[in-house]
Structures are given as structure tokens and as C-alpha cells.
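One structure is given below, encoded as C-alpha cells.
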Amino acid sequence: MTIKLHNTLTRQKETFEPIDPANVRLYACGPTVYDYAHIGNARPVVAFDMLFRLLRLVYGEEHVLYVRNITDIDDKINARAKESGISIRELTEGTAEVYRADMAALEALPPSVEPRATENIAGMIEMIGTLIDKGHAYAADGHVLFSVPSMEKYGGLSRRNRDELIAGARVEVAPYKKDPADFILWKPSDDETPGWESPWGYGRPGWHIECSAMSARYLGEEFDIHAGGLDLIFPHHENEIAQSCCAHDTERMARYWVHNGFVTVEGEKMAKSVGNFYTVNDLLKDWQGEVIRYHLLSTHYRAPMDFSKEGLKEAKAALDRFYLVLRNVEVDELPDSKPDRHLVDALADDLNTPLAIARLHVLATEANKAPTRRKKAKAQAKLKASGELMGLFGSDPDAWFRWSSDAGESLSDADIEALVARRIEARKEKDFAEADRVRDQLAEAGIVLEDGAGGTAWRRG
RNA sequence: GGCCCGGUGGCAGAGUGGUUAUGCAGAGGACUGCAAAUCCUUGUACGUCGGUUCGAUUCCGGCCCGGGCCUCCA
């Protein structure tokens with residue numbers, strides 16, 4: 001089984017060859033915890049969770065190390081804490097906690113390590129010191145800056161040269177910069193902002209250095225895959241490469257760079273002013289996490305995707321179809337099964353999740369058409385194992401169909417079961433008018449009934 | 001201005017140098033007390049103009065349209 005990945009370094013799909021198959025190392029840029037995660041933050045998490053799951057399948061669960069950081073030192077955090085009158089620590093820990101819960105609801109596995117920037121300051125200071133020693137950085141006016149001209153190959157990932165950067169610069173160049181392209185490694189803090197003592201005075205790290213320091217600590221100087229959003233290619237990832245390669249004297253920081261495409265919401269760029277700013281936390285009030293996950297997986301991770309309520313409805317309908325297949329189990333226990341070969345092939349081909357989903361549908365149809373109980377159970381098991389590889393079908397089918405976004409406001413399970421029982425009685429008496437009346441009443445509350453051989457099943461539609 | 005992505009049938013969304021994607025929605029049928037679910041059948045595609053080719057939606061080039069990045073936005 002070989003995995004192919006689109007590598008931003010070469011802009012081509014390449015066969016993935018780990019440095020050490022017994023220790024496959026993946027790093028993804030995590031959130032800056034100043035606000036709840038929005039759907040644009042969720043996409044990379046789900047996409048790279050799929051990659052993590054695939055790597056675990058191919059190389060073994062014990063042989064994949066996935067690091068995703070939490071950025072808990074940042075000027076946006078400082079500003080947010082100040083305006084909401086809570087401490088920085090309260091803000092970052094509270095936000096991080098919600099983040100973990102939200103991502104878990106999306107069925108994203110927790111990363112192997114989730115380092116926080118504030119717990120890695122020493123490593124950053126050390127790295128900055130190394131960069132200064134090697135002539136790649138300089139202190140000026142309380143700041144430490146990376147000297148971009150000191151790196152011959154700067155710009156390789158984003159494919160820009162320094163002249164283009166300067167020509168395109170839209171921000172005023174700070175006076176302490178020797179070169180307009182230089183970027184901050186360390187900056188001074190005052191009494192209001194968090195800071196640490198350093199050889200260059202009391203201050204705090206720049207953004208890029210944290211990923212360089214943390215990836216080096218947990219994954220080594222050169223590792224396999226570095227993942228993140230498309231928008232991070234420049235400057236963030238470019239600068240990470242500069243810092244890491246110059247500090248470690250390496251050719252590469254990571255062998256493969258994978259980037260997810262952007263999300264629009266309801267056809268437009270997500271913005272609070274447009275009213276389409278969807279946070280995962282809010283969405284989870286109305287939709288099962290798996291529905292959100294499915295919607296995200298239904299577009300290839302590199303393509304731009306439009307996230308919409310309509311798309312969520314479609315995702316819900318599709319998952320209903322699968323859970324219907326999985327609910328209709330006629331044997332005591334499903335046999336053990338491996339994921340479908342074609343589905344794994346699709347995923348191994350640069351995470352082609354839409355094709356894999358199409359395969360799930362084919363497997364569902366096969367299960368529905370199976371002529372014998374045994375064959376049906378086998379097909380159902382295959383479907384379930386395949387979906388589970390993608391982080392789907394983790395719910396109990398009955399629980400899935402009972403799920404309600406407005407629990408308590410609508411009919412309770414007991415109410416529904418009482419009505420269903422009344423209708424069963426009516427049908428026994430051949431009082432179809434009464435049976436239909438009850439069914440209409442339930443339908444109005446969004447309950448769908450199915451009269452099957454084994455009795456009447458219900459679900460919230 | 002520079003760099004980089006996309007434009008597929010009513011919708012979502014894969015893929016391919018010649019042959020059915022898949023799902024939803026639509027139409028017809030089977031099943032059902034009627035439904036639901038399920039199964040069967042079925043229609044509508046590849047932005048535009050050129051080029052390469054026996055043949056292009058698929059490769060190449062121009063153009064049009066949309067999106068992203070160009071110093072801290074996933």
C-alpha cells in the first residue's frame with residue numbers, strides 16, 4: 001500500500017516515502033486560541049485527521065506521531081483578553097478546552113502531542129540564539145529579526161523571490177529591519193503583555209518560531225509531513241523553513257508539505273458582517289458532529305469548498321442512508337471486516353475522500369441487495385469498517401436516529417413510542433384512518449415511520 | 001503587478017485521450033392497506049477560442065469568469 005500526496009514543494013502528487021516507517025511524523029499548525037473555532041479552522045483538522053488515520057492504517061497505530069500545536073501567545077489573544085476583562089490564561093485555557101471538545105465532536109482523533117507555545121519558550125529562545133550565532137538573525141532595538149538575505153534559498157515553498165516580496169509589501173517597513181523582508185523572532189513586551197526573560201530582554205516570541213521549535217522538539221530536525229491551510233504557505237511556512245533549516249543546517253524541514261483549500265460559507269467569504277460566520281460550537285447545536293465532518297469530507301481537501309446549510313442537509317441525508325443500512329442488522333453480531341480495498345485506494349490517492357464516499361454508497365447498495373442474511377451481514381460489516389476508517393459511523397444507529405437538536409422542545413422518545421404503539425393497535429384493528437392520523441401527527445413533529453417485518457421503526461428526520 | 005488554485009449534468013462532487021462515477025433532486029415501475037425504506041429503469045455534463053491527435057471533457061496555448069496569497073488569516 002503506497003500513499004500519494006500532493007506536495008506543495010513540487011506542486012506535484014508524489015509517492016509518500018517515510019524517513020522511518022516505524023516512526024512516521026506529521027505536524028499540523030493548530031489554532032490560536034482567542035476565539036471559538038470556525039468552520040474554516042475545522043477543515044484542516046478533519047482533512048489531516050483523515051491523513052493521520054490513513055497513516056495509522058498503513059504504518060500501524062504505534063508508528064505514527066502527530067503533533068498539532070496550540071498557539072496561546074499572540075497579540076490577538078492579548079487584545080481579546082483585555083477587551084473581555086479576563087486573564088490571558090483563562091481565555092486561552094477556556095478556548096483550548098472548547099476547541100478540543102469541538103474537534104472531538106467532529107470525530108477528529110486527538111493528536112499524539114498537543115504542545116502549547118507558552119510551554120516551549122525555552123526551546124524558542126535557544127533556537128533564536130542559534131540563529132544569531134550562525135549569522136541568520138540579529139538583535140535590534142529590543143527585537144530579534146531573521147535575516148532573510150542570509151538564506152540563499154528563501155522562498156522555495158511559496159515560489160517567490162525577495163524582490164517580489166518587497167515589491168508586494170503592503171505594510172510599512174519597521175525602522176529596525178535591515179531588510180524589508182526580515183521577520184520577527186522575538187519582540188519586547190511591556191507590563192500589559194505576557195513576556196519572558198531572554199538574552200535580548202523581557203519579551204515574547206514571534207509567531208513563526210513556535211512551530212519551528214515545537215516540531216523540532218517532538219519530531220526532530222527533519223520530519224515527514226507538515227500540514228496546514230493554504231494561506232499559511234506564505235509567510236508562515238516559508239519562515240518556518242527558513243528558521244528550521246538555518247538553525248539545523250538541514251536541506252529540508254519536512255519532506256512533504258500538504259495544504260488544504262479555503263472554505264467559503266453560503267457562497268461567500270466567511271465574515272461576521274455577512275452573517276455567515278459559522279463556529280463549530282454553534283453548528284453542533286443543530287447538527288451532529290458527524291454531519292459536519294461528512295460535509296467537510298465530501299469535497300477534496302485541496303479544492304475550494306463551499307460550506308452551507310444545504311450541504312449539511314445533504315450530508316445528513318447521506319448519513320441517514322448509511323445508518324439505515326447499519327440499523328437493519330439481522331444477525332447477532334457483525335463479522336470482523338477490513339475496510340474496502342477500493343475505498344482505501346481512493347484515500348491513499350492524495351486523500352480522495354469524495355471518491356471514497358462514493359464507494360461507501362456502492363457498499364451500502366451492495367448491503368441492501370445482499371440475497372442472504374450472511375452475505376448481508378458481511379456487506380454491512382464491510383461498510384462499517386470502511387466508514388470507521390474515515391471517522392464515520394461511530395454512533396449506534398438507534399441513537400443516531402433519535403438525536404434531536406431541540407431535545408425537550410419536541411416530542412420525547414416516550415411520547416413517540418406511545419404514539420407508535422397506538423398506531424400499531426389501530427393497524428391491527430384495520431383502522432387505517434386512525435393509523436394514518438397518528439402517522440401524520442408524528443410526521444408534523446418530524447418523525448418518520450417505517451413499517452417493517454420486525455415491527456415499526458421511527459426516526460427523527 | 002507577481003505567484004498559485006479552480007470553472008463538470010437541476011444541485012453536490014469524482015474521474016478519464018475513445019467505454020455507467022457516486023449521492024441528492026426529477027420521471028416511470030416493483031414492494032406496501034397507504035406510506036417510509038429498499039430494489040429496478042431513466043433524462044440532462046464537462047467555461048471559451050484555437051492547437052496536438054484517427055479521436056479531447058481529459059494534453060498544450062490564448063482568452064473569459066471565480067477564488068487565494070503577496071509580513072503574523074485554516
Side-chain angles (χ1 to χ4, degrees), chain A residues 8 11 28-32 37-48 71 74-76 146 148 155 158-161 163-174 177 180-184 187 206-210 227-236 238-239 259-264 267-270 295 298-300 302-306 308 310-311 313-318 320-322 324-325 327-328 346 349 352-362 364-365 367-369 427 430-433 435-436 439-440 443 447-452 456-459 461:
Chain A
T8 306
R11 320 275 152 147
C29 292
T32 300
H38 59 248
I39 198 63
N41 301 118
R43 165 123 102 146
V45 171
V46 169
F48 304 134
T71 298
D74 177 272
D75 287 353
K76 282 196 293 286
F146 184 90
V148 168
S158 57
R159 302 198 170 180
R160 317 162 193 258
N161 62 48
D163 295 340
E164 285 166 5
L165 294 179
I166 295 163
R170 56 183 181 187
V171 167
E172 230 177 291
V173 178
K177 286 190 181 181
D182 293 350
F183 57 90
I184 298 243
K187 56 188 165 187
W207 177 35
H208 315 300
I209 194 71
E210 65 172 84
L230 197 68
D231 56 321
L232 295 181
I233 294 173
F234 189 90
H236 187 53
E238 200 69 78
N239 291 350
H259 292 97
N260 63 277
F262 247 59
V263 178
T264 55
E268 288 187 85
K269 185 168 178 169
M270 182 166 52
H295 188 195
S298 65
T299 299
H300 184 85
R302 283 193 289 112
M305 103 159 275
D306 186 47
S308 65
E310 198 51 44
K313 273 186 207 160
E314 281 183 28
K316 162 82 169 126
D320 281 350
R321 171 167 136 87
F322 293 123
L324 237 21
V325 175
R327 176 164 79 171
N328 191 14
D349 185 11
N352 193 338
T353 52
L355 188 59
I357 284 174
R359 189 62 196 164
L360 289 178
H361 281 289
V362 171
T365 302
N368 284 330
K369 286 165 73 169
R427 289 184 74 213
K430 301 265 189 233
D431 184 356
F432 294 121
D436 290 350
R439 188 171 60 199
D440 290 346
I447 313 301
V448 180
L449 297 187
E450 284 162 39
D451 297 326
T456 296
W458 63 269
R459 61 188 156 96

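The sequence lines fix the lettering, A, B, ..., with proteins before strands; numbering per chain opens at 1. Note: hydrogens, waters and symmetry copies are ignored here, and every other heavy atom, side chains too, is used.
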Query raised in the report: How far, in whole Å, is A25(B) from G13(B) if one measures between their C1' atoms?
Result: 14 Å

Query raised in the report: With sequence neighbours left out, what residues match Asn260(A) under side-chain hydrogen bond (donor to acceptor under 3.5 Å, both in side chains)?
Result: none

**Report entry** Sugar-phosphate only, base, or nothing, as touched by Val45(A) at under 4.0 Å among non-hydrogen atoms
**Finding:** nothing

**Report entry** Euclidean distance for P, G6(B) against U58(B) (whole angstrom)
**Finding:** 14 Å

Query raised in the report: Expressed as a whole number of Å, how far does the C1' atom of U16(B) sit from that of U8(B)?
Result: 12 Å

Report task. With sequence neighbours excluded, tell me which residues meet salt bridge (charged side-chain N to carboxylate O under 4.0 Å, His left out) with Arg43(A). Result -> none

**Report entry** Interatomic distance, Arg321(A) CZ vs A36(B) C1' [rounded to whole Å]
**Finding:** 15 Å

Query raised in the report: Over how many whole Å does the gap from Arg11(A) atom CZ to G6(B) atom P extend?
Result: 11 Å

Report task. Please identify each residue that fulfils salt bridge (charged side-chain N to carboxylate O under 4.0 Å, His left out) with Asp349(A), with sequence neighbours left out. Result -> Lys13(A)

Query - Rounded distance in Å between the P positions of A12(B) and G18(B) - result: 26 Å

Report task. Can you sort out the partners of Asp436(A) under side-chain contact (heavy atoms from CB on, under 4.5 Å), two or more places apart, ordered by chain and number? Result -> Arg439(A)

Report task. For Lys177(A) and Asp182(A), indicate whether the former's side chain and the latter's backbone hold a donor-acceptor pair under 3.5 Å. Result -> yes

Query raised in the report: Whole Å only: how far is the NE2 atom of His259(A) from the C1' atom of A74(B)?
Result: 10 Å

Report task. Applying side-chain hydrogen bond (donor to acceptor under 3.5 Å, both in side chains), run through Asp451(A) and Thr456(A) and close with a yes or a no. Result -> CA-CA 4 Å; Asp451(A) 297 326; Thr456(A) 296; 2.8 Å; yes

Requested in this report: Look at all strands and tell whether Gly228(A) reaches a base, only sugar-phosphate, or nothing, counting heavy atoms closer than 4.0 Å.
Outcome: sugar-phosphate

Report task. Please identify each residue that fulfils side-chain hydrogen bond (donor to acceptor under 3.5 Å, both in side chains) with Asp320(A), with sequence neighbours left out. Result -> Lys316(A), Trp400(A)

Requested in this report: Using a heavy-atom cut-off of under 4.0 Å over every strand shown, decide if His236(A) touches base, sugar-phosphate, or nothing.
Outcome: nothing

Query - First of Asn239(A) and Ala317(A) reached from the 5' end of RNA chain B, by closest nucleotide - result: Ala317(A)

Report task. For C40(B) versus G62(B), give the span between their C1' atoms, rounded off to a whole number of Å. Result -> 48 Å

Query - Out of A36(B), A74(B), U22(B), whichever nucleotide has its closest atom nearest the side chain of Asn41(A) - result: A74(B)

**Report entry** Touch class at under 4.0 angstrom, heavy-atom based, for Lys430(A) against every strand present
**Finding:** nothing

Report task. Would you give a per-nucleotide map of nucleotides 26-35 of chain B, 5' to 3', where B means the base has a protein non-hydrogen atom under 4.0 Å away, S means only the sugar-phosphate does, and - means neither? Result -> -------BBB

Requested in this report: Ignoring the backbone of Asn368(A), work out which of C39(B), A37(B), A74(B) is nearest its side chain.
Outcome: C39(B)

Query - Aromatic stack Phe262(A)/G68(B): centroid gap under 5.5 Å, interplanar angle under 30° - result: no

Query raised in the report: Quick one: Leu232(A) CG to C70(B) C1', roughly how many Å, whole number?
Result: 14 Å

Query raised in the report: What is the distance from CG of Leu230(A) to P of C3(B), rounded to the nearest Å?
Result: 17 Å

Report task. Looking only at side-chain atoms of Thr365(A), point me to the closest of C4(B), C39(B), G68(B). Result -> C39(B)

Requested in this report: Whole angstrom is fine here: how far is it from CZ in Phe183(A) over to P in C72(B)?
Outcome: 13 Å

Query raised in the report: Say you pick atom P in U19(B) and the same atom in C59(B); how far apart are they, in whole Å?
Result: 15 Å

Query raised in the report: Over how many whole Å does the gap from Ile233(A) atom CD1 to C70(B) atom C1' extend?
Result: 12 Å

Report summary line: By side-chain hydrogen bond (donor to acceptor under 3.5 Å, both in side chains), Thr8(A) pairs with (sequence neighbours left out) His259(A)

Requested in this report: Report the secondary structure of RNA chain B in dot-bracket form, marking unpaired bases with a dot and bases paired to a different strand with |, and treating Watson-Crick or G-U pairs with both distances under 3.5 Å as paired.
Outcome: (((((((..(((.....[...))).(((((.......)))))....(((((..]....))))))))))))....

Query raised in the report: Mind checking the C1' distance from C60(B) to G66(B)? Whole angstroms is fine.
Result: 23 Å

Requested in this report: When you get a sec, tell me which of C40(B), C3(B), C69(B) is the closest nucleotide to the side chain of Arg159(A)?
Outcome: C3(B)

**Report entry** Asn260(A) CG - A74(B) P separation (whole Å)
**Finding:** 11 Å

Query - Contact state string [nucleotides 8-16 of chain B, B base, S sugar-phosphate only, - no protein heavy atom under 4.0 Å] - result: ----SSSS-

Query raised in the report: If you check the Ile184(A) side chain, which of U71(B), C72(B), U22(B) turns out closest?
Result: C72(B)

Report task. For C72(B), take OP1 and OP2 only and decide whether either is under 4.0 Å from a side-chain N or O of Lys187(A). Result -> no

Query raised in the report: When you check the phosphate oxygens OP1 and OP2 of C73(B), does a side-chain N or O of Lys76(A) lie under 4.0 Å from one of them?
Result: yes

Report summary line: Sequence neighbours excluded, the answer for salt bridge (charged side-chain N to carboxylate O under 4.0 Å, His left out) partners of Asp231(A) is none

Query raised in the report: Within the pair Lys177(A) and U71(B), is there a side-chain N or O less than 4.0 Å away from OP1 or OP2?
Result: no

Query raised in the report: According to the interplanar angle, ranging from 0 to 90°, do the rings of Trp207(A) and His236(A) count as parallel (below 30°), tilted (30 to 60°) or perpendicular (above 60°)?
Result: parallel

Requested in this report: Taking all non-hydrogen atoms of both residues into account, name the closest pair between Arg427(A) and Ala435(A) and its distance.
Outcome: CG-CB, 3.6 Å

Query raised in the report: How far does the C1' atom of A21(B) sit from the matching atom of C73(B), given to the nearest Å?
Result: 36 Å

Report summary line: Contacts of Arg321(A) meeting side-chain hydrogen bond (donor to acceptor under 3.5 Å, both in side chains) (sequence neighbours excluded), chain-then-number -> His361(A), Thr365(A)

Query raised in the report: Got a sec, which residues hit salt bridge (charged side-chain N to carboxylate O under 4.0 Å, His left out) with Glu450(A), two or more places apart in sequence or on another chain?
Result: Arg327(A), Arg459(A)

Query - Non-hydrogen atoms of Ala356(A) and Ala346(A) that approach each other most closely - result: N-CB, 3.9 Å

